[in-house]
Amino acid sequence: MKPTPKRLILNLLAAAAGEPLSARNAVDACALFGVKENSVRVTLARLSSEGLIEAKGRGLYGLTPHAASLAADINDWRRAEQRLCDWQGGWVAVYCGALGRSDRAVLRQRERALEMNGLRELEKGIYVRPDNLAGGVPALRERLYALGLEPEAMVCRLDELDDSRVQQARQLWPVARLEKQYRAMTERLEQWLARSDDLEPEVAARESFLIGDAAIRQLVFDPLLPEALIDHAARRVFIESLLRFDAAGHRIWAVLYQTTVQVSADAGGTLRH
């Protein structure tokens with residue numbers, strides 16, 4: 001599926017790791033996906049008016065602090081397994097029952113924060129996940145708030161659930177589907193890596209962006225369940241394949257744009273996926 005100019009530009013800025021992106025660079029990169037120059041420039045203006053990007057100089061753009069914070073959190077996917085700790089059987093709960101639902105933008109942010117942290121609704125307004133993330137409740141609370149959950153939401157540890165609710169909680173995630181997705185995406189990544197050297201540079205860059213975007217999104221929204229609930233070996237193989245794929249994608253984009261897509265002379269880097 002062809003990505004939208006908005007998704008392309010935000011992904012390019014996120015991958016630039018804080019370095020500014022010029023309008024010319026955005027146009028050149030988006031051209032690989034059949035996006036016309038006028039659409040790119042209109043999108044840049046809209047992203048600016050939406051408060052997602054801001055000017056960093058003449059014709060240069062960067063993410064706003066809020067958007068940059070979200071991008072940094074997403075880019076932390078490489079440390080996914082480092083965020084895990086042993087599960088002792090406890091749960092973390094977020095109570096949203098007292099929060100409003102009329103503001104759709106706030107509601108979308110809340111739902112995204114909950115989903116990105118693997119929380120699922122156990123009972124009306126009560127979302128839970130296994131307490132297997134490093135840092136426990138304080139770290140999860142901070143991450144949820146940073147991602148847009150309202151500070152009024154209560155985040156706490158939930159212990160001594162009755163057996164019925166424990167069994168209910170353990171069934172909240174589609175484990176079989178998740179495991180199937182690990183294996184399917186691993187196969188897709190490995191097949192591309194096996195043939196990437198034979199691709200034309202522009203084709204390789206375009207495919208690495210599209211496939212990598214789908215794979216990273218899958219990991220960003222992965223609930224990171226403990227070993228007792230999911231095949232963690234399949235997840236680890238998937239992550240290892242994605243890391244190799246990401247490194248190959250970086251090399252391809254760097255070579256392709258070492259002369260035509262440069263970030264600002266002051267930054268002196270290359271734009272990479």
Side-chain angles (χ1 to χ4, degrees), residues 1-4 7-17 28-35 70-85 87 115-118 130 132-134 173-258 261 269-273:
M1 184 175 66
K2 180 179 176 180
T4 64
R7 189 172 184 85
L8 279 168
I9 291 169
L10 290 176
N11 281 7
L12 290 167
L13 281 165
D28 289 342
C30 290
L32 286 176
F33 303 88
V35 179
L70 177 59
D73 190 273
I74 292 173
N75 283 338
D76 202 39
W77 64 264
R78 296 174 182 84
R79 297 181 58 257
E81 289 207 310
Q82 298 174 37
R83 294 179 56 212
L84 299 174
C85 62
W87 187 43
E115 188 176 1
M116 286 180 64
N117 286 279
N132 69 317
L133 298 180
W173 296 268
V175 171
R177 188 176 73 196
L178 288 167
E179 293 173 346
K180 182 178 180 179
Q181 289 172 343
Y182 294 151
R183 297 183 177 95
M185 185 57 78
T186 298
E187 182 178 2
R188 187 180 182 189
L189 295 171
E190 292 297 332
Q191 288 180 348
W192 185 89
L193 285 168
R195 66 183 178 86
S196 60
D197 289 343
D198 298 326
L199 298 174
E200 293 295 325
E202 292 82 1
V203 174
R206 183 169 57 250
E207 289 187 355
S208 72
F209 188 101
L210 294 173
I211 298 172
D213 183 50
I216 290 171
R217 179 176 176 79
Q218 179 177 323
L219 183 54
V220 166
F221 285 94
D222 188 89
L224 297 178
L225 297 175
E227 182 177 352
L229 298 183
I230 203 162
D231 184 350
H232 74 293
R235 183 177 62 207
R236 179 172 297 131
V237 171
F238 160 51
I239 294 174
E240 290 172 350
S241 291
L242 180 52
L243 287 168
R244 290 195 300 274
F245 182 97
D246 183 63
H250 274 242
R251 290 193 297 269
I252 288 167
W253 277 79
V255 170
L256 180 63
Y257 284 105
Q258 62 185 347
V261 181
T270 55
L271 182 65
R272 301 166 301 184
H273 170 57

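Each residue takes its place number in the sequence, starting with 1.
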Closest non-hydrogen atom pair between Ile9 and Cys30, with its separation
CG1-SG, 4.2 Å
Please report the shortest heavy-atom distance between Ala80 and Ile239, naming the atom on each side.
CB-CD1, 4.3 Å
Arg83 vs Asp76, salt bridge (charged side-chain N to carboxylate O under 4.0 Å, His left out): CA-CA, chis, key distance, verdict:
CA-CA 10 Å; Arg83 294 179 56 212; Asp76 202 39; 5.2 Å; no
Taking everything shown except Arg195 itself, do over 12 heavy atoms lie less than 6.0 Å from its CZ?
yes
Looking only at heavy atoms, what is the nearest atom pair of Ala14 and Asn75, with distance?
O-ND2, 3.0 Å
Between Glu179 and Asp231 the two heavy atoms that sit nearest each other are OE2-N, 2.8 Å
Any side-chain heavy atom of Thr4 sitting closer than 4.5 Å to one from Phe33?
no
According to the interplanar angle, ranging from 0 to 90°, do the rings of Phe245 and Trp192 count as parallel (below 30°), tilted (30 to 60°) or perpendicular (above 60°)?
tilted
Is there a donor-acceptor pair under 3.5 Å between the side chain of Arg206 and the backbone N or O of Leu32?
yes
Answer yes when Arg244 and Glu190 have at least one side-chain N-carboxylate O distance shorter than 4.0 Å, and no when they do not.
yes
Looking at Ala234 and Tyr182, what are the two nearest heavy atoms and their distance?
O-CB, 3.8 Å
Within-4.5 Å side-chain heavy-atom neighbours: Phe209 and Ile252:
no
Arg217 versus Ile74: any side-chain heavy-atom pair under 4.5 Å?
no
Do the non-hydrogen side-chain atoms of Leu224 and Pro130 ever get within less than 4.5 Å of each other?
no
To the closest 0.5 Å, what do you measure between CG (Leu229) and CH2 (Trp173)?
7.0 Å
Does one side chain, of Glu227 or Trp87, offer a donor that lies under 3.5 Å from an acceptor on the other?
no
Decide yes or no for Asp246 and Arg78: does some side-chain heavy atom of the first lie under 4.5 Å from some side-chain heavy atom of the second?
yes
Measure the shortest side-chain to side-chain distance between Phe238 and Gln218 over non-hydrogen atoms and say whether it is less than 4.5 angstrom.
yes
We want to know whether Thr186 and Arg183 form a side-chain donor-acceptor pair, criterion being a heavy-atom distance below 3.5 angstrom.
no
Residues Leu193 and Ser241: closest non-hydrogen pair is CD1-O, 4.3 Å
Does some side-chain heavy atom of Arg235 sit less than 4.5 Å from a side-chain heavy atom of Leu84?
yes
